Amino acid sequence: MPHFIIDCSENVVRIKSADDIMKEVFDAAFSTGLFTASEIKVRINPFAFYNNGNTLNDFIHVFAYIMEGRTDDQKGNLSKEIVSKLASILPEVPVISINIQDFEKSNYFNRAML
């Protein structure tokens with residue numbers, strides 16, 4: 001926990017490698033001080049087929065899932081750090097966005113909790 005799932009147009013991973021993009025998201029999340037390195041999980045899904053506002057403009061959208069308990073300011077800063085980092089390494093990508101959703105402690109469970 002947390003999970004950062006990056007959706008993007010396939011061309012984005014031609015501009016910058018998937019590993020580089022995931023590292024930037026990882027580093028930006030870690031830099032906020034909200035998570036330890038071992039907690040952060042990042043995945044990427046490049047899409048060959050998409051409709052982006054009736055265009056084929058490149059895009060990146062990060063879906064962030066974090067454990068509840070962070071303030072709105074902390075989540076806002078996390079969002080800004082990730083979008084800023086991605087915009088700096090991919091200035092040619094016109095659409096870069098993120099949304100953060102909270103996991104509820106009451107209904108989250110994983111194998112390590114068995």
Side-chain angles (χ1 to χ4, degrees):
M1 182 80 55
H3 298 267
F4 296 93
I5 297 123
I6 306 162
D7 283 357
C8 65
S9 51
E10 195 172 57
N11 190 52
V12 169
V13 295
R14 291 185 189 112
I15 299 168
K16 188 68 79 174
S17 77
D19 287 338
D20 287 345
I21 295 167
M22 289 188 296
K23 182 178 181 338
E24 294 295 338
V25 170
F26 180 97
D27 290 348
F30 184 68
S31 76
T32 66
L34 295 174
F35 319 106
T36 64
S38 63
E39 294 174 314
I40 301 169
K41 294 148 183 83
V42 183
R43 298 182 289 280
I44 192 165
N45 298 309
F47 288 87
F49 305 100
Y50 61 93
N51 181 328
N52 189 6
N54 213 26
T55 74
L56 292 178
N57 291 342
D58 287 326
F59 73 94
I60 298 175
H61 184 83
V62 180
F63 295 90
Y65 302 95
I66 67 174
M67 189 58 71
E68 67 183 346
R70 275 47 176 232
T71 67
D72 286 342
D73 285 343
Q74 289 172 318
K75 290 186 274 189
N77 182 57
L78 174 61
S79 294
K80 184 176 181 181
E81 287 297 317
I82 289 173
V83 170
S84 295
K85 185 67 90 165
L86 291 172
S88 73
I89 66 162
L90 292 159
E92 56 275 88
V93 176
V95 178
I96 301 175
S97 56
I98 184 172
N99 70 290
I100 297 176
Q101 294 181 330
D102 290 339
F103 280 109
E104 295 177 19
K105 289 179 185 178
S106 65
N107 61 31
Y108 178 79
F109 199 84
N110 67 32
R111 182 179 181 149
M113 298 164 76
L114 289 173

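Positions are given from 1 along the sequence. Quantities reported herein were computed from a predicted structural model and do not represent experimental measurements.
- With S97 contributing its side chain and H61 its backbone, the two residues share no donor-acceptor pair below 3.5 Å.
- Hydrophobic clustering of Ile, Leu, Val, Met, Phe, Trp and Tyr side chains at less than 4.5 Å, counting indirect connections, unites I89 with I98.
- F63 CZ: more than 12 foreign heavy atoms inside a 6.0 Å radius.
- We find the CG-CG distance between L56 and N51 to be 7.5 Å, quoted to the nearest 0.5 Å.
- Residues I96 and V13 are members of one and the same hydrophobic cluster, defined by side-chain heavy-atom contacts under 4.5 angstrom among Ile, Leu, Val, Met, Phe, Trp and Tyr.
- For N110, the CG atom sits in a packed shell: over 12 heavy atoms of surrounding residues, nucleotides or ligands are nearer than 6.0 Å.
- Residue S79 comes nearest to I100 through the heavy atom pair OG-CD1, 3.2 Å, listed as atom of the first residue, atom of the second, then distance.
- Electrostatic pairing of K85 and E81 does not count as a salt bridge here, judged by no charged N lying under 4.0 Å from a carboxylate O.
- When the shell of 6.0 Å around CZ of F109 is examined, it contains more than 12 heavy atoms from other residues, nucleotides or ligands.
- One distance of note links CD1 of I82 with OG1 of T32; it measures 7.5 Å at 0.5 Å rounding.
- For the residue pair N57/N52, the side-chain donor-acceptor check at 3.5 Å is not satisfied.
- Within a 6.0 Å sphere centred on CG of N54, other residues, nucleotides and ligands contribute 12 heavy atoms or fewer.
- Here the straight-line distance linking atom SG of C8 with atom CZ of F47 works out to 8.0 Å at 0.5 Å rounding.
- Here the side chain of E68 pairs a donor or acceptor atom with the backbone of K105 at under 3.5 angstrom.
- The NZ atom of K16 lies 8.5 Å from the CD1 atom of I21; values are rounded to the nearest 0.5 Å.
- Put simply, I40 and V62 are part of the same group of oily side chains (I, L, V, M, F, W, Y) that touch within less than 4.5 Å, one to the next.
- Taken from CG in N45 to OG in S9, the straight-line distance is 12.5 Å, to the nearest 0.5 Å.
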- Message: With side-chain contact (heavy atoms from CB on, under 4.5 Å) as the criterion, how do D58 and Y50 come out once you've worked through the C-alpha distance, each side chain's angles and the decisive distance to 0.1 Å?
- Response: CA-CA 10 Å; D58 287 326; Y50 61 93; 3.9 Å; yes
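- Between F103 and Y65, the ring planes lie tilted relative to each other; the angle falls in the 30° to 60° range.
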